[in-house]
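Report on the following structure.
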Amino acid sequence: MRKLMTISVVTFVLAAAAFALLRGDDGEPAKRPAVAAGSALDARVAALAEAARRRPNDAEPLILMASLLVDDVRQGGDAQGYPRAAAALEEAAEREPDNAAVYTERGILRLGRHDFKGGLQDGERARALAPGVVKPLGVIVDANIELGRYQEAERVLQRMVDLKPNLDSYARVAYFRELRGDLDGAAVALSLAASAGGTGAENVAFVQTLLGNIELAQNRTDRALAAYRAALEKVPAYAPADAGLARLDIAAGKLEPAIARLRKVVDRFAKQEYVTLLGELELVTGQEAAARRTLSAIPKELAALDAAGENTETEKALFEADHGDASRAVVAGRKAWAISPSVRAADALGWALTRAGQAREGLVYARRALRLGSRESSFLFHAGMAAQAVGRKDEARRHLQASLAANPAFSPLHAKTARETLAEL
């Protein structure tokens, strides 16, 4: 299908699962509560529980409660919000089994837990119940992407764009273009997504941060800085945008300021991506004791997410390959590939195999990760190291050079390895 990939700017006048968490009003109950923290969150959940008790035939308070809990986990809250949200949605489905919003919200929850098959089932059920509503299409698109069903994802996404070209659909177009290696096209779509606005400031900040990441991936640091600042204007102290500023520091060789900024980010939002980046910065600057303390938090966090019902096999594979046990990385990588054979899972399994001394098979999966044309620096680095390990020097050189050209700040640790390996080739 070529239409989606060639949509013009005039037509428009954007991880899986991240885009499923963009919030709109299609097929969802009105008056969605804002995310609160701590006791305020508990108070709002309690109020919704009381409303559900007083209205025993109404699913809306339970749907709103689940949405609030899922958003809280997404923003760094207690992962036990997931099972609480799941319980609320199960009860909501019992009350109103034909309410499409129940299955849309449950699909979003399942995508957040990396249950992509379950998310797809719920998205399809919501679409069947409300064929004229756009919101379930986003769940279906995201699930198909994470299941490696790219043609089907593109087909449904085109339908979503045709029906409602808004922030949700633009953002997904951007992600799809990024997967294809069309970073300029992704930047255009994200700019349009930001201009379209959304129902909350955080949605716009999220899209502006993605735009900053795309610009940084092309070494357009001034544009990246402007995008991150725009996100922070929408949501002050927005962790993903602050992490983007840290990556700009890394790109400029300002490692100590990047460490200081990332420590503040991790204090607010200990997402694995940010914790790993901080730990690797500490390693390359000789702060080995601090790095060990930082990186030791990741297995604990993954265990907590596992206990809350989230599938973390891809994340485990990458962490174990880089900072743990290579054999455990392979086990996790094979599970990840079996669950969701996407380019992301292929990259994780390929890197795990390479680190475990099985680079020939690792290169097979690394190539699968690049099959759509992705210019993701970590994918290129992993493919380059696999090719180097099996003696394919030209291929190794091509991928490693591309990984650094695309984004020299992608990983301070791996960028150093890429430069050293290129010097030896």
ask   = Between N99 and L129, does a side chain to side chain contact (heavy atoms under 4.5 Å, CB included) hold up when you go through it step by step?
value = CA-CA 7 Å; N99 186 333; L129 289 168; over 6 Å; no

**Request:** Any chance you could lay out the side chain to side chain contact (heavy atoms under 4.5 Å, CB included) test for E320 and V331, step after step, and finish with the verdict?
**Result:** CA-CA 10 Å; E320 292 290 347; V331 171; over 6 Å; no

- Full working for salt bridge (Lys or Arg N to Asp or Glu O under 4.0 Å) between R334 and E361: CA-CA 12 Å; R334 292 200 187 281; E361 186 181 4; 3.1 Å; yes

Full working for side chain to side chain contact (heavy atoms under 4.5 Å, CB included) between V73 and Q80: CA-CA 8 Å; V73 176; Q80 287 304 312; over 6 Å; no

Can R229 and E233 be said to form a salt bridge (Lys or Arg N to Asp or Glu O under 4.0 Å), step by step?
-> CA-CA 6 Å; R229 284 177 173 171; E233 286 177 7; over 6 Å; no

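Because its NZ or CZ atom is both nearer than 6.0 Å to the ring centre of Y365 and within 45° of the ring axis, R368 counts as a cation-pi partner of that residue.
Between the side chains of E376 and S374, no donor-acceptor pair of N or O atoms lies under 3.5 Å. For Y228 and D242, the side-chain atoms include no donor-acceptor pair closer than 3.5 Å. In the model, E280 has a side-chain atom that pairs as donor or acceptor with a side-chain atom of H323 under 3.5 Å.
The closest side-chain heavy-atom distance from E146 to L111 is not below 4.5 Å. Residues F116 and N144 fail the side-chain proximity criterion, which asks for heavy atoms closer than 4.5 Å. Counting heavy atoms from C-beta outward, S191 and L211 have side chains that approach closer than 4.5 Å. Looking at P56 and R53, their side chains never come closer than 4.5 Å, going by heavy atoms from C-beta outward. D122 is not listed as a side-chain neighbour of T104, based on a closest heavy-atom distance of 4.5 Å or more. Using a 4.5 Å heavy-atom threshold, the side chains of K316 and F319 count as separate. A 4.5 Å side-chain heavy-atom check between L157 and M160 finds at least one atom pair inside the cut-off. Residues L245 and L232 form a side-chain contact, since some pair of their non-hydrogen atoms from C-beta on lies under 4.5 Å apart.
Contact between Y103 and A93 at its shortest, heavy atoms only, is OH-CB, 4.0 Å. Counting all heavy atoms, side chain and backbone alike, L190 lies closest to V207 at O-CG1, 3.5 Å. Counting all heavy atoms, side chain and backbone alike, T354 lies closest to G362 at OG1-CA, 3.8 Å. In plain terms, the two heavy atoms of A59 and A92 that are nearest each other are CB-O, 3.8 Å. Nearest heavy atom pair, residue L69 against residue G81, reads CB-O, 3.7 Å. Looking at every heavy atom in both residues, L48 comes nearest to L64 through CD1-C, 3.9 Å.
Of the charged side-chain nitrogens involved, at least one lies within less than 4.0 Å of a carboxylate oxygen, so that R397 and D394 count as a salt-bridged pair. Using a cut-off of 4.0 Å between Lys/Arg side-chain N and Asp/Glu carboxylate O, D168 and K135 are scored as salt-bridged. Under 4.0 Å is where a charged nitrogen must lie from a carboxylate oxygen, and between R367 and E395 at least one such pair does. Under 4.0 Å is where a charged nitrogen must lie from a carboxylate oxygen, and between R113 and E310 no such pair does. In summary, E202 and K234 do not engage in a salt bridge, as defined by a charged side-chain N under 4.0 Å from a carboxylate O. By the 4.0 Å N-to-carboxylate-O rule, D72 lies too far from R84 to be salt-bridged with it. With salt bridges taken as basic N to acidic carboxylate O contacts below 4.0 Å, one links D71 and R74.
The closest donor-acceptor contact from the side chain of S169 to the backbone of K164 lies under 3.5 Å. Using modelled atom types, one side-chain atom of D115 and one backbone atom of G118 make a donor-acceptor pair closer than 3.5 Å. Judged by distance alone, the side chain of H114 and the main-chain N or O of N311 form a donor-acceptor pair under 3.5 Å. A donor-acceptor pair under 3.5 Å is absent between the side-chain atoms of T312 and the main chain of E315, judged by distance alone. Checked by atom type and distance alone, the side chain of S403 never pairs as donor or acceptor with a backbone atom of S377 at under 3.5 Å. Judged by distance alone, with hydrogens and angles left aside, the side-chain atoms of D249 form no donor-acceptor pair with the main-chain N or O of A252 at under 3.5 Å.
Atom CD1 of residue I145 and atom CZ of residue F176 lie 6.0 Å apart, to the nearest 0.5 angstrom. Taking CD of Q158 as the start and CG of L137 as the end, the distance is 12.0 Å to the nearest 0.5 Å. Between the CD atom of Q401 and the CG atom of L380 there is a distance of 11.5 Å, given to the nearest 0.5 Å. From K264, atom NZ reaches atom CG of D267 across 9.5 Å, with rounding to the nearest 0.5 Å. If you take CD on E91 and CD on E96, they are separated by 11.5 Å, rounding to the nearest 0.5 Å. Atom NE2 of H382 is separated from atom CG of L363 by 13.0 Å, given to the nearest 0.5 angstrom.
With E154 as reference, R180 is the one residue of R180, R177, R149 to meet the salt bridge (Lys or Arg N to Asp or Glu O under 4.0 Å) rule. Each of R95, E105, E90, E94 was scored for a side-chain contact (heavy atoms from CB on, under 4.5 Å) with L62, with one residue passing: R95.
A ring-centre distance under 6.0 Å is found for W351 and F381.
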